[in-house]
Amino acid sequence: MTYHAKSEFLRVMLERGFLADCTDYQGLDEALCAGVVPTYIGYDATAASLHVGHLLNIMMLRWLQKTGHKPITLMGGGTTKVGDPSFRAEERPLLTPAQIDANIAGLQRVFARYLSYGEGATDAIMLNNAEWLDQLNYLDFLRDIGRHFSVNRMLSFESVKTRLDREQSLSFLEFNYMILQAYDFLELYRRYGCRLQMGGSDQWGNIVNGIDLTRRVLDSEIWGLTSPLLTTSDGRKMGKSASGAIWLSADLLSPYEFWQFWRNTTDADVGRFLKLFTELEVAECDRLGALEGADINAAKIILANEVTALLHGRDAALAAEATAREVFERGGVGDDLPTLALAAAELGGGISLAQLVVRAGLAKSGKDAKRLIAEGGLRVNDEAAADPGRMLSTADLATPLKLTAGRKRHALVTLG
């Protein structure tokens, strides 16, 4: 659909490629033009950090605030106890309240990099749905809220149909999730005047449920807006790498590794990712994305610098670029490479090269490490390594050891 938006926020969303669908473009557009629209995205606290797969929606909240509206980051302290079944083959593992609280603390640190929190009209606020979900009386909830939900309609949602079509179990616990998320929207409207929910397109059914419930209970006009589920040009899910998730926390993934992920973007994705994950002007994103040959590498460095600067700061981005130049152009070690510090006591009689590769995060298992070495994909201090069983002692680590997997992944091993 081509919609000519009047509000700055919807114009940005459309121009930069953020929009998949909206429940009512015109109604939302008019509300955005009329005043501040409090808007939320929910995040269940299933891990200690968000990853690159969440970054698209975080950028939507950032643009929302930059264009004069109020972001609400809703932590799922309550719903995490149930687990979102959307498009999953099996039930999520259940976390303890202490694990959930620790995870929420980690998520708060990530959001603080992108949003300005405070008491002002357009300052972001962070809420926890445990505030209202933990207090629910089950019988009252069934009578007052449950009666508005049609099981027939809930079974028609794609996320539920997918599980049932595969004859995979869908527990009653999980089935309740969509009711709880719908109730979140109702409570956010009641308590904070929230009128818009955003999320990935896999959340469409849950968002529509919340809108329908709020209209039935309060006869109020609210909206939903979704972003596309992002894949790379070669069809891979965004946010995964050979070594695992691309975390947004520096405790789980170094700024250098984060920078390197973006530097390794496929040529065909550069222009699109610049529009989605940086704040460069659209025309400049298009210009950089159209470059070819060696010139596209300069655009990838700009992409990596801009995305890393937003999350980790400009100094960290420039340090990562300097390390990359040292490693790739001059064959050096670099100051910012991911580093594994081993204690001498850990080594005992030594450590095999395959074990070291796994410990350094360059392979997921000993089997993967042995395959990497057998295929000639590992270098030690820039020299090809052929023996996965080679034992390394404290003497071998007297000076830092550089491991290189393939052409683009590096790690230092030192004695702590």
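Residue numbers start at 1 and run along the sequence shown. Only a predicted model underlies this, so the values are computations on that prediction, with no experimental measurement involved.
- A side-chain donor-acceptor contact under 3.5 Å links Tyr3 and Asp29.
- For Asp212, the side chain to side chain donor-acceptor pair (under 3.5 Å) test picks out Arg216, with sequence neighbours left out.
- Among residues two or more places apart in sequence or in another chain, the salt bridge (Lys or Arg N to Asp or Glu O under 4.0 Å) test is passed with Arg16 by none.
- Within the structure, ring pair (Phe, Tyr, Trp, His ring centres under 6.0 Å) contacts touching residues 186-236 (residues at least two apart or in different chains) do not occur.
- For Glu30, the side chain to side chain donor-acceptor pair (under 3.5 Å) criterion is met by Gln26, not counting sequence neighbours.
- Considering only residues two or more places apart in sequence or on other chains, Asp140 meets the salt bridge (Lys or Arg N to Asp or Glu O under 4.0 Å) condition with Arg143.
- Every salt bridge (Lys or Arg N to Asp or Glu O under 4.0 Å) that Arg371 has, sequence neighbours left out, goes to Asp368.
- In terms of the side chain to side chain donor-acceptor pair (under 3.5 Å) criterion, Glu8 has no residue partners (sequence neighbours excluded).
- Under the rule for a ring pair (Phe, Tyr, Trp, His ring centres under 6.0 Å), the partners of Phe185 that lie at least two apart in sequence or sit in another chain are Tyr40.
- Pairs of residues two or more places apart, or lying in two chains, that qualify as side chain to side chain donor-acceptor pair (under 3.5 Å) and include a residue from residues 273-295 are Arg62-Glu279, Lys275-Asp286, Glu284-Arg287.
- Not counting sequence neighbours, the partners of His54 by the ring pair (Phe, Tyr, Trp, His ring centres under 6.0 Å) test are His51.
- Ion pairing between a basic and an acidic side chain is recognised when a charged N comes within 4.0 Å of a carboxylate O; Glu131 and Arg191 show such pairing.
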Let me check something: any side-chain donor-acceptor pairs from residues 114-124 under 3.5 Å, sequence neighbours excluded? List them with distances.
residue	atom	partner	partner atom	Å
Tyr117	OH	Thr73	OG1	2.9
Asp123	OD2	Glu119	N	3.3
Asp123	OD2	Gly120	N	2.8

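- With sequence neighbours left out, the side chain to side chain donor-acceptor pair (under 3.5 Å) criterion links Arg190 to Glu187.
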